[in-house]
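What you are looking at is a predicted structure, and each value in this text was computed from that prediction instead of being measured. Just so we're on the same page: letters track the sequence lines, and every chain starts at 1.
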There are 2 protein chains.
Amino acid sequence: MKDLHDNSELALYCKALSNPVRIYIVNYLLKKDRCICGQLVDELPLAQSTVSQHLSILKKSGIIRGEIEGPKTCYCVDKNVLNKFITLFNSNFENVLYEIQTDE
Amino acid sequence: MKDLHDNSELALYCKALSNPVRIYIVNYLLKKDRCICGQLVDELPLAQSTVSQHLSILKKSGIIRGEIEGPKTCYCVDKNVLNKFITLFNSNFENVLYEIQTDE
DNA sequence: GTCTTTCATCGTTGTTTTACGATAAAGGAA
DNA sequence: TTCCTTTATCGTAAAACAACGATGAAAGAC
């Protein structure tokens, strides 16, 4: 049985995605491959500072990366990290997935 | 492209698992099948009221259920709900999983 | 050089989270 | 009935989150 601390990493990734705006941003980046902060500000009903803050939280989790390009910052998903999250998530629940629920 | 609101449900499930204690509780329940609050209090370095609060948050998300049995409350994972979460999660990222990272 | 664009960061506000101890309710045991 | 066990809930405090406007830095345009 894993101890408490072993769940910290998975919990941190889940926390990064615990807000619909951040899931939207990750999906948007997956679709567009890369984009700058301003594009997201146009897409979202939020102030620029708020979007920047969400980007910062995602960046801190490792799920996205940002590269400064002149005055702009170009963001993209770090698929290695995202895959790590997905793998952690699924291996945590590997015995649950597709198990048949019989008591109902 | 999904809009912001479409991510709310996945975000809520992620939030339920955004704390290592709650992941521990879910895993413990998956392993033991069912247990009462007091067992978890013995396992965890937390006050009874704190454990009860985490159980309440998980219950509110639907991932676990609790049945009152006399003075005790017996908790178990609702695998239908957990499967729904897992399915939502994986379908959100279905195009990512196992994609090869080429730029590094 | 000055202006403009782009974005991160600061400071603030209100809300939520996480933890605790204390209390109360509910049911079984004596 | 009177205890004891079990657990939910209340009240509280500290920290974190989510939002905003304002400011400042950095680089390209003029």
Side-chain angles (χ1 to χ4, degrees), chain A residues 3-5 7-26 28-29 32 34-77, chain B residues 3-5 7-26 28-29 32 34-77:
Chain A
D3 74 8
L4 210 43
H5 180 265
N7 301 314
S8 300
E9 192 175 12
L10 180 54
L12 285 175
Y13 287 132
C14 285
K15 194 167 200 166
L17 293 196
S18 71
N19 180 294
V21 174
R22 292 197 289 272
I23 296 179
Y24 182 91
I25 291 175
V26 171
Y28 187 84
L29 286 174
K32 303 282 185 184
R34 46 204 284 104
C35 81
I36 62 171
C37 175
Q39 286 178 266
L40 285 163
V41 174
D42 293 340
E43 294 283 330
L44 291 165
L46 294 170
Q48 179 269 325
S49 56
T50 306
V51 173
S52 193
Q53 196 175 334
H54 282 299
L55 286 167
S56 169
I57 290 169
L58 284 170
K59 205 167 63 176
K60 205 176 51 178
S61 81
I63 292 174
I64 71 172
R65 279 176 294 166
E67 288 173 25
I68 297 173
E69 294 183 357
K72 310 178 184 179
T73 305
C74 191
Y75 287 96
C76 64
V77 172
Chain B
D3 74 9
L4 209 46
H5 180 264
N7 301 314
S8 301
E9 192 175 12
L10 180 55
L12 284 175
Y13 286 132
C14 285
K15 192 167 202 170
L17 292 197
S18 71
N19 180 294
V21 173
R22 291 197 290 271
I23 297 180
Y24 182 92
I25 290 174
V26 171
Y28 188 84
L29 285 176
K32 303 283 184 182
R34 47 205 282 105
C35 81
I36 62 172
C37 174
Q39 285 178 266
L40 286 163
V41 175
D42 293 340
E43 294 281 330
L44 292 164
L46 294 169
Q48 180 269 326
S49 57
T50 305
V51 173
S52 193
Q53 197 174 336
H54 282 299
L55 286 167
S56 170
I57 290 168
L58 285 170
K59 205 168 63 176
K60 204 175 53 181
S61 80
I63 293 174
I64 72 172
R65 279 176 293 165
E67 288 172 27
I68 298 174
E69 295 185 355
K72 310 177 183 179
T73 305
C74 191
Y75 287 96
C76 63
V77 172

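Judged by closest nucleotide on DNA chain D, B:Cys37 is the one of A:Val21 and B:Cys37 placed further toward the 5' end.
As rounded to whole Å, 16 Å separates atom C1' of D:dT7 from atom CG of B:Leu58. Atom NZ of A:Lys15 and atom C1' of D:dA16 are 7 Å apart (whole Å). Put simply, CG on B:Asp42 is 13 Å from C1' on D:dT7, counting in whole angstrom units. Taking atom NZ on B:Lys60 and atom C1' on D:dT9, their separation rounds to 14 Å, with Å as the unit. Put simply, NE2 on A:His54 is 18 Å from P on D:dA16, counting in whole angstrom units.
Note that the first and last nucleotides of DNA chain C, 5' to 3', having any atom under 4.0 angstrom from a heavy atom of chain B are C:dT17 to C:dG27.
Side chains of B:Val21 and A:Leu4 form a contact here, defined as non-hydrogen atoms less than 4.5 Å apart. Counting heavy atoms from C-beta outward, A:Thr73 and A:Ile36 have side chains that stay 4.5 Å or more apart. Using a 4.5 Å heavy-atom cutoff, the side chains of A:Cys76 and A:Leu29 are not in contact. At least one side-chain heavy atom of B:Leu55 sits under 4.5 Å from a side-chain heavy atom of B:Cys37.
The minimum heavy-atom distance linking A:Gln48 with A:Val41 is given by the pair CA-CG2, 3.9 Å. When all heavy atoms are compared, the tightest approach of A:Cys14 to B:Ser18 is CB-CA, 4.0 Å. When all heavy atoms of B:Lys59 and B:Gly66 are compared, the pair lying nearest together is CD-N, 3.9 Å.
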*asked:* Using salt bridge (Lys or Arg N to Asp or Glu O under 4.0 Å), reason through B:Glu43 and B:Lys32 one step at a time and then give a plain yes or no.
replied: CA-CA 13 Å; B:Glu43 294 281 330; B:Lys32 303 283 184 182; 5.8 Å; no
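Put simply, the side chain of A:Arg22 gets close to the backbone of A:Lys15: a donor and an acceptor are under 3.5 Å apart.
Using modelled atom types, one finds no donor on one side chain facing an acceptor on the other under 3.5 Å when comparing B:Tyr75 with B:Glu67.
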_Footprint string (nucleotides 20-30 of chain D, 5' to 3'): B base within contact, S backbone only, - free, heavy atoms under 4.0 Å_ = BBB----S---
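Of the candidates A:Ile25, A:Ile23, A:Asn19, A:Leu58 forms a side chain to side chain contact (heavy atoms under 4.5 Å, CB included) with just one, namely A:Ile25.
Taking the C1' atoms of five terminal pairs at each end of the helix from C:dG1-D:dC30 to C:dA30-D:dT1, the two resulting helix axes are inclined by 10°, rounded to 10°.
For A:Asn19 and D:dA18, the shortest distance from a side-chain N or O to OP1 or OP2 is below 4.0 Å.
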